[in-house]
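Numbering starts at 1 and runs along the sequence shown.
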Amino acid sequence: MTISAEPIIYGLIFVAVLVLVEGLYLTVFGKSISLNSRVNRRLELLEKGAGREQVLEQLRKEMTQHLRSQSIPLYSILASKAQKANIAFTPSQLIMIMGVLSVVAYVGLTMGTGAGAPVRIAVAIAMGVGGVYIWVNNKAKKRTSMIEEQLPDAVELMVRSLRVGHPFSSAVAIVSKEVADPLGTEMGVISDEAAYGRDMGESLKAMAERMDMQDLRFLAVAVTIQQQSGGNLAEILDGLSKVIRSRFKLFRRVKAITAEAKWSGMFLSVFPLLALVGINVLQPDYYDEVKETSVFIPACLVVAGFLVANVFVMRHLVNIKV
């Protein structure tokens, strides 16, 4: 029995593509772009000597550049996720990285596998585009979950600032200095925009729409209503922080309860593919006797259709919304 190493090589090349795009990102923008940094990116850029207006312009460009590029055919598949992830790469740079990674994957496939040129080209393009998409998607999920977790504490910090007599603009500025990324930089941009004359409610609403987060919409609506009709903003935000924290706990509880069902759905979706790879690794000639029959290709297409349908059905079954 001969064991084929090609599936392992494919997997290693794809992992190398993911590591390479992360390495490029950190190399170009440094550690300040990492969400694990204790000092938020806006403060680090200011400490390096950049002016407040220059930093605001750079951060606003990064925050809005992706949605403006949705008309690009290839880029439209990840524009919204790149926006949520606040990827500092420009759309043209991301497309260029897709091309570079595809070339790297093609070289690796040429050196490590014996597949034909058309197969290598197709797989290399899939790895380049898919690797960037998975990387951006993971960044978006991580950033969104971190903002959801930071928001209740940030609102409570605003409440304490308001109760000691600070205006709301100063409360937001305090949050931008005390809270780490990603929320710290977001609030810093809102504080700078308010300093240059933009309405605070509009800035919060724009941030909520850009991130597509319901809790941020609640915050924007609360501030806007208070600006228009008056009232005790500290008490309003205190109640809002409790609501946001309760929603966050509920989402975590639902996530824990449904974790088993989601993993079961993921296993049932991936297992047929793993079984197919395992058969080809352990016995590469397993399908040789039926490859030349007239029903082999139609049967493969039917199986592929069922696998795709299985993925969508299982995702729908375990996608519980609160």
Can you check side-chain contact (heavy atoms from CB on, under 4.5 Å) on Tyr25 and Ile87, steps first, answer last? CA-CA 9 Å; Tyr25 196 56; Ile87 301 298; 4.0 Å; yes
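- The nearest pair of heavy atoms linking Ile244 to Pro152 is CG2-CG, 3.6 Å.
- Looking at Asp199 and Gln227, their side chains come closer than 4.5 Å, going by heavy atoms from C-beta outward.
- Across Asn40 and Ala180, no two heavy atoms sit closer than the pair CB-C, 4.2 Å.
- With salt bridges taken as basic N to acidic carboxylate O contacts below 4.0 Å, one links Glu149 and Arg252.
- Looking at heavy atoms from C-beta onward, Glu22 lies in side-chain contact with Lys139 at the 4.5 angstrom threshold.
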Run the numbers on Tyr287 and Leu276 for side-chain contact (heavy atoms from CB on, under 4.5 Å), then give the verdict. CA-CA 11 Å; Tyr287 295 104; Leu276 181 62; 3.7 Å; yes
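- For the atom pair Leu43 CG and Lys177 NZ, the distance stands at 8.0 Å (nearest 0.5 Å).
- Between Leu101 and Met127, every side-chain heavy-atom pair lies at or beyond the 4.5 Å cut-off.
- Side chain of Asn137 to main chain of Tyr133: no donor-acceptor pair is present (N/O by atom type, distance under 3.5 Å, no hydrogens or angles).
- Cluster annotation: Ile9 is not connected to Met111 through the hydrophobic network of ILVMFWY side chains, with a link wherever side-chain heavy atoms come within less than 4.5 Å.
- Taking both residues in full, the closest heavy atoms of Val155 and Ser241 are given as CG1-CB, 3.7 Å, listed atom of the first, atom of the second, then distance.
- Distance CG/Asn138 to CG/Leu18: 8.0 Å, rounded to 0.5 Å.
- Within the 4.5 Å cutoff, the side chain of Tyr106 has no heavy atoms near those of the Ile125 side chain.
- Between Lys81 and Asp212 there is no salt bridge, since no side-chain nitrogen of the basic residue lies less than 4.0 Å from a carboxylate oxygen of the acidic one.
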Before giving the answer on side-chain contact (heavy atoms from CB on, under 4.5 Å), spell out for Phe168 and Leu237 the whole-Å C-alpha distance, their side-chain angles and the decisive distance to 0.1 Å. CA-CA 11 Å; Phe168 183 65; Leu237 295 183; 3.9 Å; yes
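- To the nearest 0.5 Å, atom CD of residue Glu209 and atom CG of residue Leu216 are 10.0 Å apart.
- To the nearest 0.5 Å, atom CG of residue Leu46 and atom CG of residue Leu56 are 10.0 Å apart.
- At least one donor-acceptor pair under 3.5 Å links the side chain of Ser176 to the backbone N or O of Ala173.
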Check the pair Met207, Glu202 against side-chain contact (heavy atoms from CB on, under 4.5 Å), reporting the backbone distance first and the verdict last. CA-CA 9 Å; Met207 175 185 172; Glu202 292 181 1; over 6 Å; no
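- Under a 4.0 Å N-O distance rule, the pair Asp192/Arg42 qualifies as a salt bridge.
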May I have the step-by-step check of salt bridge (Lys or Arg N to Asp or Glu O under 4.0 Å) for Arg41 and Glu186, ending in yes or no? CA-CA 10 Å; Arg41 185 160 182 253; Glu186 292 281 353; over 6 Å; no
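- Grouping the Ile, Leu, Val, Met, Phe, Trp and Tyr side chains by contacts below 4.5 angstrom, directly or via other members, places Phe267 apart from Val308.
- Under the 4.5 Å side-chain criterion, counting only non-hydrogen atoms from C-beta, Phe248 is not in contact with Leu151.
- Here the side chains of Val303 and Cys300 are not in contact, with every heavy-atom distance at 4.5 Å or above.
- Taking CG of Leu20 as the reference point, atom CD1 of Ile97 lies at 8.5 Å (rounded to 0.5 Å).
- No donor-acceptor distance shorter than 3.5 angstrom exists from the side chain of Gln226 to the backbone of Asn232, with no hydrogens or angles considered.
- Checked options Lys61, Glu62, Arg68; the residue passing with Thr64 is Arg68 (criterion: side-chain hydrogen bond (donor to acceptor under 3.5 Å, both in side chains)).
- Scanning all heavy atoms of the two residues, the minimum distance from Val17 to Ala105 falls at CG2-CB, 4.3 Å.
- Using a 4.5 Å cut-off on side-chain heavy atoms (C-beta onward), Val159 and Glu235 make no contact.
- The number of heavy atoms from other shown groups lying within 6.0 Å of CD (Gln93) is above 12.
- Open room surrounds CZ on Phe271; 12 or fewer heavy atoms of other groups in view lie less than 6.0 Å from it.
- At least one donor-acceptor pair closer than 3.5 Å links the side chain of Thr293 to the backbone N or O of Val290.
- Crowding of Arg253 atom CZ: a count of heavy atoms from other residues, nucleotides or ligands under 6.0 Å not exceeding 12.
- A single hydrophobic cluster is seen to contain both Val175 and Phe218, as judged by linkage of ILVMFWY side chains at heavy-atom distances under 4.5 Å, directly or through other members.
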Evaluation steps, side chain to side chain donor-acceptor pair (under 3.5 Å), between Glu193 and Ser203: CA-CA 7 Å; Glu193 288 179 341; Ser203 297; 3.0 Å; yes
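- When all heavy atoms of Leu183 and Val179 are compared, the closest pair comes out as CB-CG1, 4.2 Å.
- Ile236 and Leu162 are members of different hydrophobic clusters when ILVMFWY side chains are connected at heavy-atom separations under 4.5 Å.
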Show, in sequence, the C-alpha distance, side-chain angles and deciding distance for Thr110 and Arg120, and conclude whether the side chain to side chain donor-acceptor pair (under 3.5 Å) test is met. CA-CA 7 Å; Thr110 302; Arg120 294 200 305 270; 3.1 Å; yes
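- Residue Leu219 holds its CG atom at 12.0 Å from CD of Gln214, rounded to the nearest 0.5 Å.
- Crowding of Phe312 atom CZ: a count of heavy atoms from other residues, nucleotides or ligands under 6.0 Å not exceeding 12.
- Between the Thr185 side chain and the Asp181 main chain, no donor and acceptor come within less than 3.5 Å of each other.
- A side chain to side chain contact (heavy atoms under 4.5 Å, CB included) with Ser161 holds for exactly one of Glu178, His166, Glu156; it is His166.
- A donor-acceptor pair is defined here as one N or O able to donate and one able to accept, closer than 3.5 Å; no such pair exists between the side chain of Ser191 and the backbone of Met187.
- Between Trp135 and Phe89, the two ring planes are tilted [angle within 30° to 60°].
- Residues Leu273 and Val15 do not share a hydrophobic cluster, defined by chaining ILVMFWY side chains whose heavy atoms lie under 4.5 Å apart.
- In terms of heavy-atom proximity, Ala124 sits nearest to Leu109 at N-CD1, 3.9 Å.
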Please report the C-alpha distance between Glu148 and Arg245 in whole Å, then the side-chain angles of each, then the deciding distance to 0.1 Å, and finally whether the salt bridge (Lys or Arg N to Asp or Glu O under 4.0 Å) criterion is met. CA-CA 9 Å; Glu148 290 175 345; Arg245 195 175 294 278; over 6 Å; no
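- Inter-residue side-chain proximity for Arg210 and Lys84 is flagged as unmet; no heavy-atom pair is nearer than 4.5 Å.
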Give the C-alpha distance, both sets of side-chain angles, the deciding distance and a yes or no for salt bridge (Lys or Arg N to Asp or Glu O under 4.0 Å) between Asp285 and Lys291. CA-CA 10 Å; Asp285 58 347; Lys291 278 184 179 179; over 6 Å; no
